[in-house]
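Everything on this sheet refers to the single structure shown next.
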2 protein chains.
Amino acid sequence: MGAVIQNIVMIGSGNVATHLAEVFYWKGKKISQVYSRDPEHAKQLANKVGSEAIDDLFSLTTDADLYIIAVPDKSIEEVAGKLLLKDKLLVHTSGSVAMEALSGASLNYGIFYPLNTFSKEKGIDFSNTPICIEGNTTSNKEKLVRLGKVISGDVRIITSEERQIIHMAAVFVSNFTNHMYGIAEDILESHELPFDILKPLIMETAQKIWKHKPADAQTGPAVREDISTIDTHMEILGKFPEFKKIYEMMTKDIVRRRKTRLRQGYGGQSND
Amino acid sequence: MGAVIQNIVMIGSGNVATHLAEVFYWKGKKISQVYSRDPEHAKQLANKVGSEAIDDLFSLTTDADLYIIAVPDKSIEEVAGKLLLKDKLLVHTSGSVAMEALSGASLNYGIFYPLNTFSKEKGIDFSNTPICIEGNTTSNKEKLVRLGKVISGDVRIITSEERQIIHMAAVFVSNFTNHMYGIAEDILESHELPFDILKPLIMETAQKIWKHKPADAQTGPAVREDISTIDTHMEILGKFPEFKKIYEMMTKDIVRRRKTRLRQGYGGQSND
């Protein structure tokens, strides 16, 4: 079938490019080329996935089925501006960059956005990573959905507006959550206490969302409006003025959200 | 040996009381009695752990080795005020209530604080849950450490001040993190998008801390100072003024923390 994507060119060699190229390779796709400005980076990834390394976009093969731009958001437009792919299917993997950034580079384009967080020395389970698909035509969407299903059990066609919303929600649960971990790290370090004491709690807090809605899983002094504990914490936070502001704002908003949801008729269950 | 705690009275029947009573029972300890103001609650837990249910503190047995108060923080002082245990060992399980709240109830008292989050319908892995111990004497600390080791591989003697710091850090990584999940839930719900799309990302974000320090795992538009994406998000958040304030404050603080750590000579690696 003509619609099946078999040969893929990976433009980029960072975390997303690496994890994606590897999983496609493991699933039997051919990574025809890996491009990076840095020849060493291109080679490193190309060697892992039996591919040709290139460091010049003029050396791009013209007969792949799909060209994936997986570079930092701020470079997507610049890279796309250098491509002339005629009708070859072109996607980027970003949660926030507009699909139209690709419209000058090919007649066929779309989005292949794996909704997860990728780091260098840590493998990732693609099988349950949502793949968010957009395409400028129905046929392009279908091709990309089929490709997504090769690596993930959760492939969704979304709109550009939905992608923006999802990406922003992801910033809250991932970037901001990680900053919460970082704040705790700073507080503990400053008292010469080890951060690792929090790791089981961090895992359990994440795991709870599979059983409970976040609203129902909310615990702690804020949701209980335990003023005495809140006051103690605010006092301890005296030497961290920024963290104190965050503590205050989060506490207020937890109370506000609980009251709003109670008014809306949701249950207000609070554990421990 | 006289120092081994074998017979335990559980005062309370909520999430912490239930999970603790169960794990002690499974590990071969005897739960002599379970107390709750609500006779039904007392019975429910007592039946699970082969124990006697009581709903009156005057019926408390006098010959247990340990009395555990696992009730809401705000009730600990009140419950302790009703106990006259002479020299029987008494602890509470709270991260924030002072140990001295118990000093009127017995000559021997301490803290047995399991640092995790407990919910009703979800089991918990105690084997790696840190158990934070305080005691008013060395002997009481030793007894409690020995008991902690029966259920956990991570038992630590801490000071009251350290417990406050740890509990506050826990509020950031658990309560505030869960609120981040809640904010994402509200944003997605308001656009009729399913929250479940974020679950793999939430798990992966938590799992990353086993490989990377939070500072090194920080990703996203804030740490990249990607103004265009931040502006888009601020615009989308127009109809959620509270979330917009939180977004702004978190973004600023992520930038601030990164710059502070760079000045201090830490690496500033940022993934994806």
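All values below come from the heavy atoms of this structure, side chains included, with hydrogens, waters and symmetry mates left out. Computed from a predicted structure; not experimentally measured.
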Practice item. Could you go through the side chain to side chain contact (heavy atoms under 4.5 Å, CB included) check for Tyr247(A) and Phe172(B) one step at a time? Key: CA-CA 8 Å; Tyr247(A) 187 101; Phe172(B) 280 93; 3.8 Å; yes

State, with a plain yes or no, whether a side-chain heavy atom of [X] is found less than 4.5 Å away from one of [Y].
| X | Y | result |
| --- | --- | --- |
| Lys74(A) | Arg224(B) | no |
| Ser119(B) | Lys211(A) | no |
| Cys132(B) | Ile197(A) | yes |
| Val173(B) | Thr205(A) | no |
| Thr177(A) | Phe176(B) | no |
| Thr229(A) | Met168(B) | no |

Check [Y] with [X], please: is the shortest side-chain N to carboxylate O separation under 4.0 Å?
| X | Y | value |
| --- | --- | --- |
| Lys252(A) | Glu242(B) | no |
| Arg156(B) | Asp196(A) | yes |
| Asp154(A) | Lys199(B) | no |

Just give me the residue among [options] that pairs up with chain A most often, heavy atom to heavy atom, under 4.5 Å.
| options | value |
| --- | --- |
| Val171(B), Leu188(B), Leu193(B), Leu201(B) | Leu201(B) |
| Ile124(B), Ile158(B), Leu198(B) | Leu198(B) |
| Pro200(B), Ala169(B), Ala184(B), Pro221(B) | Pro200(B) |
| Asp73(B), Asp226(B), Asp125(B) | Asp73(B) |
| Ile254(B), Thr129(B), Ile187(B), Leu237(B) | Ile254(B) |
| Asn128(B), Ile166(B), Ile165(B), Ile236(B) | Ile165(B) |

Exercise for review: May I ask you to check whether Asn116(A) and Glu204(B) show a side-chain donor-acceptor distance below 3.5 Å?
Suggested key: no

Which distance, rounded to the nearest 0.5 Å, do you find between the [atom1] of [X] and the [atom2] of [Y]?
| X | Y | atom1 | atom2 | result |
| --- | --- | --- | --- | --- |
| Met249(A) | Lys245(B) | CE | NZ | 5.5 Å |
| Ile209(A) | Ile202(B) | CD1 | CD1 | 3.5 Å |
| Asn178(B) | His212(A) | CG | NE2 | 10.5 Å |

What part of [X] lies closer than 4.5 angstrom to a heavy atom of chain B: side chain, backbone, both or neither?
| X | value |
| --- | --- |
| Ser174(A) | both |
| His191(A) | side chain |
| Thr251(A) | both |
| Gln207(A) | both |
| Ile246(A) | both |

Exercise for review: Check the pair Gln164(B), His233(A) against side chain to side chain contact (heavy atoms under 4.5 Å, CB included), reporting the backbone distance first and the verdict last.
Suggested key: CA-CA 8 Å; Gln164(B) 277 189 340; His233(A) 289 171; 5.8 Å; no

Check your understanding: Who wins among Gly14(A), Ser190(A), Ala170(A) for the most heavy-atom pairs under 4.5 Å with chain B?
Key -> Ala170(A)

Point to revise | Over 12 foreign heavy atoms within 6.0 Å of CZ, Arg37(A) | key: no

Check your understanding: For Glu77(B), does the CD atom sit with more than 12 other heavy atoms under 6.0 Å from it, leaving out its own atoms?
Key -> no

Practice item. Could you tell me whether the side chain of Arg257(B) and the main chain of Ile183(A) form a donor-acceptor pair under 3.5 Å? Key: no

Point to revise | Which atom of Glu185(B) lies closest to which atom of Pro214(A), heavy atoms considered | key: OE2-CD, 3.3 Å

Check your understanding: Can you check side chain to side chain contact (heavy atoms under 4.5 Å, CB included) on Lys208(A) and Thr117(B), steps first, answer last?
Key -> CA-CA 9 Å; Lys208(A) 270 171 109 164; Thr117(B) 176; 2.6 Å; yes

Practice item. Please state whether the side chain, the backbone, both or neither of Thr93(B) comes within less than 4.5 Å of a heavy atom of chain A. Key: neither

Review point. Side chain to side chain contact (heavy atoms under 4.5 Å, CB included) between Lys213(A) and Phe195(B): does it pass, once the steps are laid out?
Key: CA-CA 9 Å; Lys213(A) 286 171 67 72; Phe195(B) 176 70; over 6 Å; no

Exercise for review: With side-chain hydrogen bond (donor to acceptor under 3.5 Å, both in side chains) as the test, would you mind laying out the steps for Thr219(B) and Asn175(A) before giving the verdict?
Suggested key: CA-CA 6 Å; Thr219(B) 62; Asn175(A) 307 149; 3.0 Å; yes

